[in-house]
A.B. asks: 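This structure is in structure tokens; I'll ask about it shortly.
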2 protein chains.
Amino acid sequence: MVRSEGETPTLDQVARLAGVSKATASRALNGGARVSPQAQAAVDDAVRRLGYTPNAAARSLATRRTGSVGLIVPESDERIFADPFFAQMLHVVTRSVKAHDLQLVLLLTQPGKEEQRLMRYLRGRFVDGVIVTSHHRGDRLAENLAELGLPAVFIGSPWTNTDRVSIVESDGIGAGRQAARLLIDRGCRALGTIAGPADMHAGHDRLEGWRQEVSEAGLVADAVVHGDFTEAGGARACGVLLDEFPGIDGIFAASDLMAAGAVRELTARGRRVPEDVALVGYDDLGVAEQTDPPLTTFRNPIGAMATEAIRLLAQRIDEGPGEPPRRIVFAAELVRRASA
Amino acid sequence: MVRSEGETPTLDQVARLAGVSKATASRALNGGARVSPQAQAAVDDAVRRLGYTPNAAARSLATRRTGSVGLIVPESDERIFADPFFAQMLHVVTRSVKAHDLQLVLLLTQPGKEEQRLMRYLRGRFVDGVIVTSHHRGDRLAENLAELGLPAVFIGSPWTNTDRVSIVESDGIGAGRQAARLLIDRGCRALGTIAGPADMHAGHDRLEGWRQEVSEAGLVADAVVHGDFTEAGGARACGVLLDEFPGIDGIFAASDLMAAGAVRELTARGRRVPEDVALVGYDDLGVAEQTDPPLTTFRNPIGAMATEAIRLLAQRIDEGPGEPPRRIVFAAELVRRASA
DNA sequence: CTGAAAGCGCTTACAG
DNA sequence: CTGAAAGCGCTTACAG
């Protein structure tokens, strides 16, 4: 490399070294439409010799694009690191984003708090668009993002403004129904559920589906305890369920982590799974195979949702505003193991 | 707000609405040095009414500052999410960064791979500086960052170019020595260690300190097995240790996660901790209290390291190049529990 | 304290 | 295919 340490080369220097104008150098840099082979080669060579990389701020200012997208996760650190859902989500989002040649900026914010700070950041156009996941009832993200006019796609439906942002989600109602159906079909008659946090839509839908199916079967759908998507919370909720409904013989837990807690609690109390109490989980991200017995559960279509979310986002960024928001629903797939 | 949805207000509009020049508006926006109270009030008001936030790219281009710093973690997703070290690190770094009013961009990269892509990103000046942690022997980060001239501070020493970047670390040698000393003092005579990955400096230092102390005590320091900082790896390493050195009576594990694995393996083989084999861990990030027995370990000074690292980084960003890199070493503090 | 002007480093019609 | 020029939206000496 020609340049000395520290100073950053500019397009101007590249153009000069290549013996072309800045305009031509810029075109050669960006795909090379209408650039002669000689000019292209000269620019390529100059870039290599100078170790040139375009300045992000200058390029952004001119193109009104940053090439970055944000992943907003309004969740506490503890949950993020304790729940494999996030690891998997981050993993697949990272992969999808790379395929579109975008850079991912992770925007962790405490739920509820700091929304002002976040919106300021977004208004500054540090990113071209955002994916938001694991949002809660109280936040005003959907509304704020819609007003900002920033391309946004939600993984999991927000509670309000659902017609103003794009949404990719899994069919929680369907999963809840299927779970109840499965338990009923295997002979359970006293059903209960460990639902997700009441302020998260995914949990809400799974509960709703479960309720519908149980009611339609002519059974009572009263045995509902909300957990917090953690294992400890699942164990606790299961304990409450057993205390209040001792005759319970079938449980649907809205996440495998909570189901794992339930297995622990059930075992501790001498109830066999599935003989005494059948158990269905949700997520299938690893822990379902590690419990004893392994969990019958639903495969959370995280990979498909992330891929689709990024595709939608990239599309919205490209086409600009005007296009109506879209909503895509993936079915959750039943995975049968030993717990039910 | 006056503006309609979608269009983003500019400084020009703010200035016009406030009845001042762009220069004055800009000054009012940035701390208000040499701005009359009236002008300041007018600008504040205009900002509020327009819902104005400065465009990040334009500001960056003018100031040569982005207000963002990157956290580089060249580690696989699995480890990042399995080891509480990262959760804690992310937590404290996030906190420190906020105190300096910086935005954190998380740069996860597979170890070894993608270094080109990362360097391109950094050369584009998307961030003003970086913190790097959990780096490995093979990578050329220290060298590349030094050549880039980008402010960088390493949490944990790199293997090479240690005089060209700033470093904040914990005293691994000291910890290794203390661990060995403690085991020797309690009467252990057949010592072993479950070391960290051979390509990570932190593990290397802890091993080195342990070796020194054991040798100086006139004992043999041969019982060394490398683990991978995971619980499963710790259990495996412990098994190897027991197979090759059946008489072993004291073990230092370079991380609590590995120590937890060791406890499991020891218990499975009928060895009591600490009666048959005493065990010292490292990290004290929660798991040390959850094992049975709870672990005697060292408090990894992550909070102090992160705070200091960000302070150093912010300082380097402010003062520009020229200042020599700095190196700060924190002592690890022994926490006595029941395992040794 | 204030404003006109230059400049940060790019891209992109436009004319040739 | 190429280049001169304008423009993206800010900040900051400079002169007043």
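Remember, it's a predicted structure, so these values are computed and weren't measured experimentally. Here is how names work: the chains are called A, B, and so on, in the same order as the sequence lines, proteins then strands, and each is numbered from 1.
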A.B. asks: Sticking with atom C1', work out how far D:dT12 lies from D:dG16, rounded to a whole angstrom.
C.D. replies: 16 Å

A.B. asks: What nucleic acid atoms does B:Arg59 come within less than 4.0 Å of, heavy atoms only: base, sugar-phosphate, or nothing?
C.D. replies: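 Sugar-phosphate contact only - B:Arg59 comes under 4.0 Å of backbone atoms but never of a base.
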
A.B. asks: What integer distance in Å separates A:Asn30:CG from C:dT12:C1'?
C.D. replies: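 Rounded to the whole Å, the gap is 11 Å.
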
A.B. asks: Starting at atom NZ of A:Lys22, determine the distance to atom P of D:dA6, rounded to an integer number of angstrom.
C.D. replies: 12 Å

A.B. asks: Whole Å only: how far is the CG atom of B:Asn55 from the P atom of C:dC8?
C.D. replies: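 Taking atom P of C:dC8 as the reference, CG of B:Asn55 is at 18 Å.
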
A.B. asks: To the nearest 0.5 Å, what is the distance between CE on B:Met305 and CD1 on B:Ile131?
C.D. replies: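 Spacing of CE (B:Met305) from CD1 (B:Ile131) equals 11.5 Å.
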
A.B. asks: In this structure, how many angstroms lie between the P atom of D:dC8 and the CZ atom of A:Arg65, rounded?
C.D. replies: 17 Å

A.B. asks: Distance check, P atoms only: C:dA5 and C:dC1, in whole angstrom units.
C.D. replies: 23 Å

A.B. asks: Would one find a side-chain N or O of A:Ser36 under 4.0 angstrom from OP1 or OP2 of D:dT2?
C.D. replies: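 Result: yes.
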
A.B. asks: Distance check needed: C:dT11 P versus A:Leu61 CG, whole Å only.
C.D. replies: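 Rounded to the whole Å, the gap is 11 Å.
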
A.B. asks: Quick one: A:Leu29 CG to C:dG9 P, roughly how many Å, whole number?
C.D. replies: 15 Å

A.B. asks: Kindly indicate, with the supporting measurements, whether the criterion side-chain hydrogen bond (donor to acceptor under 3.5 Å, both in side chains) is fulfilled by A:His201 and A:Glu169.
C.D. replies: CA-CA 10 Å; A:His201 208 103; A:Glu169 62 183 335; 5.3 Å; no

A.B. asks: With salt bridge (Lys or Arg N to Asp or Glu O under 4.0 Å) as the test, would you mind laying out the steps for B:Arg65 and B:Asp318 before giving the verdict?
C.D. replies: CA-CA 10 Å; B:Arg65 282 290 174 71; B:Asp318 277 343; 3.7 Å; yes

A.B. asks: Taking the P atom of each, how far is D:dC14 from D:dC10, in whole Å?
C.D. replies: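 The same atom, P, in both gives a distance of 24 Å.
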
A.B. asks: Mind calculating the distance between CG (B:Asp12) and C1' (C:dG3) to the nearest angstrom?
C.D. replies: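 For the pair B:Asp12 CG and C:dG3 C1', the rounded distance is 13 Å.
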
A.B. asks: Kindly give the heavy-atom pair with the smallest separation between A:Ala39 and A:Val20, and that separation in Å.
C.D. replies: CB-CG1, 4.3 Å

A.B. asks: Let me confirm one number: the CG-CZ distance from B:Leu118 to B:Arg123, rounded to the nearest 0.5 Å.
C.D. replies: 10.0 Å

A.B. asks: Which one is paired to C:dC14, where only Watson-Crick or G-U wobble pairs with both distances under 3.5 angstrom count?
C.D. replies: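 Because both required distances fall under 3.5 Å, C:dC14 counts as paired with D:dG3.
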
A.B. asks: Hey, does A:Ala57 reach any base, or is it just sugar-phosphate, or nothing, if we go heavy atoms under 4.0 Å?
C.D. replies: nothing

A.B. asks: Report the distance from atom CG of A:Leu11 to atom C1' of C:dT12, rounded to the nearest whole Å.
C.D. replies: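 The answer, rounded to whole Å, is 13 Å.
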
A.B. asks: Rounded at 0.5 Å granularity, tell me how far CG in A:Leu71 sits from CD1 in A:Ile310.
C.D. replies: 8.0 Å

A.B. asks: Start at the 5' end of DNA chain D and walk down; is the nucleotide closest to B:Thr53 or to B:Arg34 reached first?
C.D. replies: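 In this pair, the answer is B:Thr53.
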
A.B. asks: Across the strands shown, which category fits B:Thr63 at heavy-atom distances under 4.0 angstrom: base, sugar-phosphate, nothing?
C.D. replies: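 If one applies the 4.0 Å heavy-atom cut-off, B:Thr63 turns out to touch the sugar-phosphate alone, with no base involved.
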
A.B. asks: Between B:Thr24 and C:dG3, is there a side-chain N or O to OP1/OP2 distance below 4.0 Å?
C.D. replies: yes

A.B. asks: OP1, OP2 of D:dC10 versus side-chain N and O of B:Ser26: anything below 4.0 Å?
C.D. replies: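 Result: no.
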
A.B. asks: OP1 or OP2 of C:dC10 less than 4.0 angstrom from a side-chain nitrogen or oxygen of A:Tyr52, does that happen here?
C.D. replies: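 Indeed, a polar side-chain atom of A:Tyr52 lies that close.
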
A.B. asks: Between B:Ala62 and B:Val20, just flag the one whose closest nucleotide in DNA chain C comes earlier from the 5' side.
C.D. replies: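 Mapping each residue to its closest nucleotide by heavy atoms, the 5'-most match is B:Val20.
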
A.B. asks: Using only heavy-atom distances, decide whether a donor-acceptor pair under 3.5 angstrom links the side-chain of B:Arg64 to the base of C:dG9.
C.D. replies: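 By the distance-only test, no, there is no pair.
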
